[in-house]
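Below, read A as the first sequence line, B as the second, and so on, with proteins coming before strands; counting in each chain starts at 1. Everything numeric in this text was worked out from a predicted model, so none of it was measured.
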Number of protein chains: 4
Amino acid sequence: MKTSPAAVSSETESPPATSKRQAILDAAADVFAEEGFAAASIDAIAARAGVSRQTVYNQLGDKDNLFKVVVAEITEKSSADFFRVLDTFPVAPIDLETELTEFSALLLRKAVCDPNGRWLRKLVETEGGRFPELFETWKEYGPGKKYPAIAARLAQLALAGHLDIEDPALAARQYVALLATDLRINQQIGRQTPEEEVDRMAREATKTFLRAFAKR
Amino acid sequence: MKTSPAAVSSETESPPATSKRQAILDAAADVFAEEGFAAASIDAIAARAGVSRQTVYNQLGDKDNLFKVVVAEITEKSSADFFRVLDTFPVAPIDLETELTEFSALLLRKAVCDPNGRWLRKLVETEGGRFPELFETWKEYGPGKKYPAIAARLAQLALAGHLDIEDPALAARQYVALLATDLRINQQIGRQTPEEEVDRMAREATKTFLRAFAKR
Amino acid sequence: MKTSPAAVSSETESPPATSKRQAILDAAADVFAEEGFAAASIDAIAARAGVSRQTVYNQLGDKDNLFKVVVAEITEKSSADFFRVLDTFPVAPIDLETELTEFSALLLRKAVCDPNGRWLRKLVETEGGRFPELFETWKEYGPGKKYPAIAARLAQLALAGHLDIEDPALAARQYVALLATDLRINQQIGRQTPEEEVDRMAREATKTFLRAFAKR
Amino acid sequence: MKTSPAAVSSETESPPATSKRQAILDAAADVFAEEGFAAASIDAIAARAGVSRQTVYNQLGDKDNLFKVVVAEITEKSSADFFRVLDTFPVAPIDLETELTEFSALLLRKAVCDPNGRWLRKLVETEGGRFPELFETWKEYGPGKKYPAIAARLAQLALAGHLDIEDPALAARQYVALLATDLRINQQIGRQTPEEEVDRMAREATKTFLRAFAKR
DNA sequence: TATGAATGAGTCTTCATTCAT
DNA sequence: TATGAATGAAGACTCATTCAT
């Protein structure tokens with residue numbers, strides 16, 4: 001019933017095995033996100049994946065392990081997305097505000113808005129206590145790598161004379177905070193963020209950030 | 001630290017009734033916060049409150065209702081805390097940066113750090129789907145009242161010539177975002193925020209905010 | 001809220017004790033009738049009686065005993081009602097059909113329609129297995145005494161030449177069956193029997209009975 | 001005695017599925033009949049059916065639904081039984097009393113004595129309040145169809161000059177009442193009706209009925 | 001591999017009953 | 001005597017997990 005990504009790319013070799021596994025992971029990500037770990041039932045996941053309960057066990061073991069694999073997968077995907085976006089950071093800008101705004105919008109769209117990433121954060125917060133190792137992986141791949149990477153880019157801009165920054169790490173954290181401001185509020189009040197607002201958010205955040213840190 | 005209503009009014013009459021109910025609510029708040037709604041067991045709540053399971057049911061009905069009452073109570077308390085702090089906002093500052101930093105620290109401590117408020121936010125996010133009415137109450141009393149209230153104070157400062165703000169509502173959102181920056185990151189990586197860091201956070205957030213919005 | 005029979009007769013001496021006990025019994029009769037034994041809760045009975053749960057236990061012991069007392073009381077009352085009506089049986093009738101119809105109507109009204117008696121029958125049927133002794137009492141005071149009593153009256157009428165009956169016991173059973181016909185059907189389809197229909201039922205039953213057994 | 005649908009169609013394929021469901025329904029009918037709705041436990045039903053509790057839930061959902069299905073099934077079966085017997089009604093009798101007695105005995109045996117039907121009536125009475133829709137179905141298929149059907153047969157006999165009946169509907173009700181007389185009394189006093197007595201009951205009821213309604 | 005069934009544990013909820021006040 | 005609380009035992013229902021087919 002579902003458009004399996006595996007079915008598109010490959011032809012005959014082990015499509016069932018792979019695609020089933022992926023279907024389960026996708027379904028599990030959804031259900032965990034919607035229900036939380038405790039309230040998510042294996043049956044619901046199996047049903048949404050269109051496979052039998054037993055297949056879930058065969059492919060991914062018990063609930064704890066399934067959860068771990070799901071989180072690991074999303075962590076990885078989310079991290080890859082982030083670094084792909086980061087490559088577009090305007091290290092040598094002509095028009096800093098315009099270019100940084102564009103980058104910000106891309107970052108918001110691909111790395112912050114991303115449902116996967118959002119649910120991941122929530123899940124890790126909620127279930128962090130139950131899965132400490134997971135927590136560690138996530139911390140390492142999430143905040144542990146992303147903030148320093150941004151800080152490095154900002155430092156580069158400062159060195160190049162575009163910004164006036166004393167503490168790049170702090171500036172990076174504040175930059176992200178400003179970016180995510182309205183996204184977070186929307187999430188808190190249960191409101192979907194419409195695609196069109198993302199550009200405004202990027203513009204406003206960048207503007208304020210540059211008012212604070214642009215070299216005058 | 002807790003203002004017990006019974007302690008105010010009398011000595012001997014009916015302290016158990018009231019205090020039991022309150023003990024249950026406190027215990028429930030803790031357990032819900034730690035475990036989430038689905039994983040929180042009534043038995044655990046009763047045990048932590050030092051009462052019998054039956055007393056929980058007698059006093060507060062079923063799990064759904066218990067949850068609603070807990071959230072309503074925390075919402076109220078948290079809102080009251082916020083507005084008490086808001087009264088100390090430096091509307092006519094002599095030294096804006098110092099006074100706003102002080103206010104920021106107080107706000108962080110009483111209204112943002114506040115465990116009650118934090119868990120409340122998380123719970124409402126996680127269980128919002130299951131309790132839509134709750135969601136509404138929270139939105140109304142939470143973001144719906146707090147951001148406008150801060151925006152109004154910032155607008156006052158702008159009018160008085162201290163700030164250069166075009167959109168007070170946006171500024172308010174960004175101010176809070178900057179304030180909560182490190183708090184949120186700490187929460188995400190499961191790190192307790194030590195008391196001593198709060199002042200630094202307030203200072204850094206205020207500094208950046210003023211770099212962006214102070215009248216030059 | 002309820003018109004307590006005890007309150008009518010006496011003034012001050014031990015009205016609480018007696019009336020409370022009676023209130024409990026009345027309430028219990030209602031609740032048992034409506035809910036059945038298993039589904040009837042002591043709390044519901046106590047609440048309906050307007051007394052505390054403990055008082056129920058003090059006055060009437062545990063649930064089993066309460067049930068027994070209720071049934072015994074209704075058995076007795078119902079039996080008394082029946083025999084009071086039986087005294088009006090037309091042993092020496094002038095116009096047999098008219099007089100027997102009148103008696104039948106009275107019997108229907110006082111002894112068959114009587115809610116107490118009806119619920120009693122149902123309860124005894126339903127819970128008979130759980131309370132064999134009760135069953136015995138009821139059998140003895142109910143069918144065990146009533147049918148023979150009616151049979152005796154019918155035999156008297158036969159002896160006096162009004163009826164042509166070979167087996168008075170059988171005739172008694174059939175007489176009651178004919179009387180209760182529509183009442184039972186109404187009960188089965190959950191329809192209240194309106195007061196006005198009772199006379200028609202008595203007339204029809206008596207007519208058929210006499211068509212079968214009247215001396216020609 | 002039980003017509004198992006599986007037994008008709010095949011030998012090996014999928015007998016478990018169907019037979020398990022049926023086993024549960026049979027067991028549930030028994031337990032509900034013996035204990036009433038409230039006191040019947042799912043575990044008891046599962047145990048008597050020789051299946052696990054979970055299988056009960058898988059096959060038939062919760063207790064309410066299980067009850068509804070059981071009642072619906074018995075209603076249907078009981079109705080079918082009745083109309084099968086009704087086909088043997090002596091519409092053109094040579095010896096009316098003999099033939100009607102035979103029919104009466106058959107009706108008693110198959111349709112009135114039938115444990116299924118009896119328990120059904122009791123259950124519907126007792127739990128009618130909790131399941132109003134059930135009540136309606138039962139009324140429609142039970143009294144709503146059976147009495148008219150009998151009335152029609154009696155009217156036919158009257159037309160053919162065998163009976164002297166003014167109100168066939170009333171006569172039908174009285175006929176059934178006479179038939180069930182002793183059965184009901186036995187049930188009330190908790191006495192099993194021995195097979196041998198059924199003929200006597202049929203004979204006595206028919207005799208009285210004909211004494212009242214036979215054309216002289 | 002998929003399916004139905006089984007198992008055993010666990011949670012929510014209600015109840016009867018008893019104690020202390 | 002009445003009240004609130006406590007206890008212990010069900011019982012409904014769900015779930016994770018495993019077996020057999």
Side-chain angles (χ1 to χ4, degrees), chain A residues 16-17 20 38-46 49-59 61-66, chain B residues 12-21 23-24 35 37-46 49-59 61-66, chain C residues 16-17 20-21 37-46 49-59 61-66, chain D residues 12-21 23-24 35 38-46 49-66:
Chain A
K20 293 233 159 157
S41 92
I42 298 277
D43 272 31
I45 292 170
V51 304
S52 87
R53 185 184 28 243
Q54 198 52 247
T55 305
V56 176
Y57 282 97
N58 288 343
Q59 300 264 2
D62 66 13
K63 198 182 179 184
D64 280 25
N65 190 65
L66 173 56
Chain B
T12 53
E13 357 149 50
S14 78
T18 311
S19 69
K20 293 237 159 158
R21 188 188 155 94
I24 294 168
E35 312 280 338
F37 179 80
S41 98
I42 297 278
D43 273 30
I45 292 170
V51 304
S52 83
R53 181 187 29 241
Q54 202 44 247
T55 304
V56 176
Y57 281 97
N58 286 343
Q59 300 265 0
D62 66 12
K63 200 181 176 183
D64 278 27
N65 191 66
L66 173 56
Chain C
K20 293 232 159 158
R21 187 188 157 94
F37 180 80
S41 91
I42 297 277
D43 272 28
I45 293 170
V51 304
S52 86
R53 186 183 27 243
Q54 197 54 245
T55 306
V56 176
Y57 281 96
N58 288 344
Q59 299 263 2
D62 67 12
K63 197 182 179 184
D64 280 25
N65 190 65
L66 173 56
Chain D
T12 54
E13 358 150 52
S14 78
T18 311
S19 69
K20 293 238 159 158
R21 187 189 155 94
I24 294 168
E35 311 280 340
S41 97
I42 298 278
D43 273 30
I45 293 171
V51 304
S52 82
R53 181 189 26 245
Q54 202 43 248
T55 304
V56 176
Y57 281 98
N58 286 342
Q59 299 264 0
L60 288 147
D62 67 11
K63 199 181 177 183
D64 278 27
N65 191 65
L66 173 56

State which residues pass ring-ring contact (aromatic ring centres under 6.0 Å, His included) with D:Y57; sequence neighbours excluded, sorted by chain then number. none
Quick one: closest heavy-atom pair of D:I24 and D:V56, and the distance? CD1-CA, 3.9 Å
On a heavy-atom basis, the closest approach of D:A23 and D:A49 is O-CB, 3.6 Å
Atom pair CD/CG of C:Q59 and C:L66 - distance to nearest 0.5 Å: 11.0 Å
To the nearest angstrom, how far is [X] atom [atom1] from [N] atom [atom2]?
X: D:L66; N: F:dC13; atom1: CG; atom2: C1'; result: 13 Å
X: B:K20; N: F:dA6; atom1: NZ; atom2: C1'; result: 8 Å
X: D:I45; N: F:dA12; atom1: CD1; atom2: C1'; result: 12 Å
X: C:N58; N: E:dA16; atom1: CG; atom2: P; result: 16 Å
X: A:I42; N: F:dT18; atom1: CD1; atom2: P; result: 11 Å

Looking at B:F37, is its backbone amide N or carbonyl O close enough to the side chain of B:K63 to form a donor-acceptor pair, meaning the two atoms are under 3.5 Å apart? yes
Between B:Q59 and F:dA5, is there a side-chain N or O to OP1/OP2 distance below 4.0 Å? yes
Using a cut-off of less than 4.0 Å, is there contact between a side-chain N or O of D:K63 and OP1 or OP2 of F:dG11? no
Which residue, B:S41 or C:A38, contacts DNA chain E at a nucleotide closer to its 5' end, judged by nearest heavy atom? B:S41
Most 5' of B:Y57 and C:D62 on DNA chain E, judged by nearest nucleotide: B:Y57
May I ask you to list the residues of residues 49-56 of chain C, by number, that have any heavy atom positioned under 4.0 Å from an atom of DNA chain E? C:R53, C:Q54
Could I get the full list of salt bridge (Lys or Arg N to Asp or Glu O under 4.0 Å) partners for D:D43, not counting sequence neighbours? D:R53
What stems show up for DNA chain F when you take Watson-Crick pairs (N1-N3 plus N6-O4 or O6-N4) and G-U wobbles (N1-O2, O6-N3), both under 3.5 Å, and require three or more consecutive pairs? E:2-21 with F:2-21
Only counting residues at least two apart or in another chain, list the ones meeting side chain to side chain contact (heavy atoms under 4.5 Å, CB included) with A:N58. A:Q54
Categorize A:A46 for me: base, sugar-phosphate, or nothing, with a 4.0 angstrom heavy-atom threshold over every strand shown. nothing
Mapping D:A39 and A:D43 onto DNA chain F by nearest heavy atom, which one lands closer to the 5' end? D:A39
A:S52: side chain to side chain donor-acceptor pair (under 3.5 Å) partners, not counting sequence neighbours: A:T55
